Amino acid sequence: MVYTGPQPGSSEQISAIVEELRGLYPQARYELNFTTPLELLVATILAAQCTDERVNAVTPQLFAKYRSAQDYAQVGQEELEQDVKSTGFYRNKAKTLRAVCQYLVDHYHGEVPQSIDELVKLPGVARKTANVVLVNAFGVTEGFIVDTHVGRVSKRLGWTQHEDAARAEQELMRLIPRSEWSSLPHRMIYHGRATCAARKPRCTSCTLVAYCPSAII
DNA sequence: CTCCCGATAT
DNA sequence: ATATCAGGAG
C-alpha cells in the first residue's frame with residue numbers, strides 16, 4: 001500500500017493530525033498523581049521505563065513518608081531503594097532522587113526551579129522531565145515533551161527520523177505550532193498507548209491512517 | 001553505544 | 001521467551 005496522503009511534516013498533514021487527535025482525546029492530561037511540584041518531579045523521575053500505573057501504585061506511600069526535599073536528601077540509599085523498588089531501575093532512581101533533592105536543598109531552599117535551563121542542571125533531569133514539570137506544575141511551555149511514545153509516533157508519522165529525544169524535540173519544535181506544544185504531546189501519548197502501540201500498532205482501527213506514511217492496512 | 005531493572009503484554 | 005514501559009548518565 002503506497003502512501004498518498006499529504007507530505008509528512010507538511011503543515012497540511014500536521015494540522016489534520018492535530019485536529020483529529022484533539023477530537024479523539026479532548027481531555028488528555030498527565031496521568032501521574034501529584035499535589036506539589038516536588039511530587040511531580042519525583043513521580044516523573046520514577047516513570048522512566050515504567051508505566052504510569054506502576055508509579056501511581058508506589059507514590060501514595062512514598063509521598064506520605066517523604067514530605068520535603070530534605071527528607072529524600074537525608075534518607076539512606078538502601079532504604080530509598082526499597083521504597084521505589086517496584087518501578088525498576090531502583091538503584092539509579094534512588095540515587096537520582098537523593099542527588100536531585102540534595103541539589104534542591106543546596107541551591108533552591110528545597111523548592112523546584114521554574115525554568116528549563118535550571119531544571120536540566122539537576123542531576124538525572126533532562127529535557128523530557130524538565131518539560132513535564134514545567135507544563136504540569138507551573139503551566140510554562142518552553143519545549144515539546146518527547147518521551148518514548150511521542151518519539152515513536154513522531155517517527156511513524158514522518159515528523160522526524162531522529163532516535164535521539166533532544167534532536168527529535170528540536171525538529172518537532174520547528175514543525176509544530178507553539179500553541180500546540182502543551183497539549184499535543186499528551187494526546188500523542190494517549191494515542192501511542194491506545195492505538196499506535198510499540199509492538200503491535202492497531203492501524204486498522206486508527207483514524208490517522210490517511211495521514212500516516214507508516215500505516216499497514 | 002551500553003547500562004540500569006521490575007512488571008506486564010504478547 | 002522477549003519486547004516494552006511518560007529516561008538519563010557514563
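These figures come from a predicted structure and were not determined experimentally. A note on names: the letters A, B, ... follow the listed sequences, proteins ahead of strands, and every chain is numbered from 1.
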Which comes earlier along DNA chain C counting from the 5' end, the contact point of A:G124 or that of A:L32, where each point is its nearest nucleotide?
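The residue mapped nearer the 5' terminus is A:L32.
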Which residue lies toward the 5' end of DNA chain C, A:T96 or A:T51, if each is placed at its nearest nucleotide?
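The residue mapped nearer the 5' terminus is A:T51.
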Can you check the [X] [atom1] to [N] [atom2] distance for me, whole Å?
X: A:Q49; N: B:dG6; atom1: CD; atom2: P; value: 14 Å
X: A:R91; N: C:dG10; atom1: CZ; atom2: C1'; value: 17 Å
X: A:E163; N: C:dG7; atom1: CD; atom2: P; value: 14 Å
X: A:F89; N: C:dT4; atom1: CZ; atom2: P; value: 14 Å

What residues in residues 168-202 of chain A put a non-hydrogen atom under 4.0 Å from any atom of DNA chain B?
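Of all residues in residues 168-202 of chain A, the ones placing a heavy atom under 4.0 Å from DNA chain B are A:R199.
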If you look at every strand shown and take non-hydrogen atoms under 4.0 Å, does [X] touch a base, only sugar-phosphate, or nothing?
X: A:R152; result: sugar-phosphate
X: A:T87; result: nothing
X: A:V55; result: nothing
X: A:K85; result: sugar-phosphate

Should A:V135 and A:F138 be counted in the same cluster of Ile, Leu, Val, Met, Phe, Trp and Tyr side chains packed under 4.5 Å apart?
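No, A:V135 does not connect to A:F138 through the hydrophobic network.
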So, are A:R193 and A:E31 salt-bridged, with charged N and O less than 4.0 Å apart?
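Judged by the 4.0 Å cut-off on N to carboxylate O distance, A:R193 and A:E31 do form a salt bridge.
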Please pick, from C:dA6, B:dT8, B:dG6, the nucleotide with the shortest atom-to-atom distance to any side-chain atom of A:H149.
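Among C:dA6, B:dT8, B:dG6, the one nearest the side chain of A:H149 is C:dA6.
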Without hydrogens or angle criteria, can the side chains of [X] and [Y] be said to hold a donor-acceptor pair below 3.5 Å?
X: A:T44; Y: A:Y30; value: yes
X: A:Q13; Y: A:W159; value: yes
X: A:D83; Y: A:Y66; value: yes

